[in-house]
There are 2 protein chains.
Amino acid sequence: MLYNALMELTNPLIQIKKGALEFCVLALIARGESYGYEIVKVLDEEGLTTPEGTVYPLLARLQKEALVTSSWRQMGEGNPRKYYQITRKGEAALALFREHWKEFVNTVDLILEGGTQNDG
Amino acid sequence: MLYNALMELTNPLIQIKKGALEFCVLALIARGESYGYEIVKVLDEEGLTTPEGTVYPLLARLQKEALVTSSWRQMGEGNPRKYYQITRKGEAALALFREHWKEFVNTVDLILEGGTQNDG
DNA sequence: GCATAATGCATTGCTATGCAAGGTAAATTT
DNA sequence: AAATTTACCTTGCATAGCAATGCATTATGC
């Protein structure tokens, strides 16, 4: 059997448990195209401090999964930047994640609270 | 420097990103002592399906970190069970996590919503 | 009586993630 | 000229999740 690859697509919880950060970055790109160095800073401002050594490989992964595209661009005089744009597939994946995220938070909340009489 | 060990204690976000499940299991034990096989089932019922191959090593980790203690016990005629009890340290860690969890969910929610006009 | 499932524990080996550390190059500041 | 900032990236390590597998005991089914 081909667990690894299939499970990734089948069980959203695996994605959630592993890749909350992945979709946070995707969500940032969804706001409008952005580049690695900026994303690192915005994540920090938003309270989700993450080093470059995590973000850059993550961006490469997103692109490999075709959730984003990228294009080098030279803005003014600074260093060239690799801008990332979200794709249709990326938007779909993000939308799906938002739903799974809500469910996941709900589930964890219930477990954390003790869930004695808490229903629905 | 001793990054690994220290960072684990210093930066709660690392724990959260990696170990949401860890604290879910701890929370289940906090409800009342439990054992691996039961925890696997309860996690499934609660919507957080997780295989034994994940749970048993996790329990060993919790004990190694002194967040739980364990004691073998024979209930009736069945197989002996390794019951886990939460410790003071475990309760403290759980309480801390509950706070970090709220913050984390808040942060992720803001990033996911895009912060355009949606204010909770 | 014998096979299958369920209960209950655990480990091995693989894949992937997070990340500190380090490296490159250009522009800006001091 | 040196240091900082902007901007990219890779290497190597520790660890998490988990399928697969194994062991032992107790039902359940035939």
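Scope of the values below: all heavy atoms of this structure, side chains included, with no hydrogens, waters or symmetry mates. Below, chains carry the letters A, B, ... as their sequence lines are ordered, and counting in each starts from 1.
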Separation of [N] [atom2] from [X] [atom1] (nearest whole Å):
X	N	atom1	atom2	answer
B/Leu58	D/dT15	CG	C1'	12 Å
B/Glu77	D/dA27	CD	P	6 Å
A/Lys64	C/dT15	NZ	P	12 Å
B/Arg61	D/dA14	CZ	P	16 Å
A/Arg81	C/dA27	CZ	P	13 Å
B/Leu48	D/dA16	CG	C1'	14 Å
B/Glu52	D/dT21	CD	P	15 Å
A/Glu33	D/dA7	CD	C1'	16 Å

Ignoring backbone atoms, establish whether [X] has a side-chain N or O less than 4.0 Å from OP1 or OP2 of [N].
X	N	result
B/Tyr56	C/dC9	yes
A/Tyr35	D/dA7	yes
B/Thr54	D/dC18	yes

Practice problem: Could you check whether the rings of B/Phe97 and B/Phe23 sit parallel, tilted or perpendicular, using 30° and 60° as the cut-offs? | Solution: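 Judged by the thresholds at 30° and 60°, the geometry between B/Phe97 and B/Phe23 is parallel.
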Quiz item: Cut-off 3.5 Å, side chains only: do B/Ser71 and B/Gln85 have a donor facing an acceptor?
Solution: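 Note: B/Ser71 and B/Gln85 side chains meet the donor-acceptor criterion.
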Quiz item: Where each residue is assigned the nucleotide of DNA chain D containing its nearest heavy atom, which of A/Asn79 and A/Pro57 is assigned the position nearer the 5′ end?
Solution: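 Mapping each residue to its closest nucleotide by heavy atoms, the 5'-most match is A/Asn79.
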Self-check item: Minimum-distance pair of heavy atoms, taken over all atoms of B/Lys89 and B/Ala66
Solution: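 Closest approach of B/Lys89 to B/Ala66: CB-O, 3.8 Å.
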Exercise. Over all heavy atoms of both residues, which pair between B/Trp101 and A/Phe104 is shortest? Give the atoms and the distance, please.
Key: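 Answer, listing the atom of B/Trp101 first, then A/Phe104: CH2-CE2, 3.9 Å.
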Would you call [X] and [Y] a salt bridge, taking side-chain N to carboxylate O under 4.0 Å as the test?
X	Y	result
B/Arg31	B/Glu91	no
A/Glu52	A/Lys41	no
A/Lys82	A/Glu38	no

Self-check item: Within residues 36-44 of chain B: residues closer than 4.0 Å to DNA chain D (heavy atoms)
Solution: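 Those residues: none at all.
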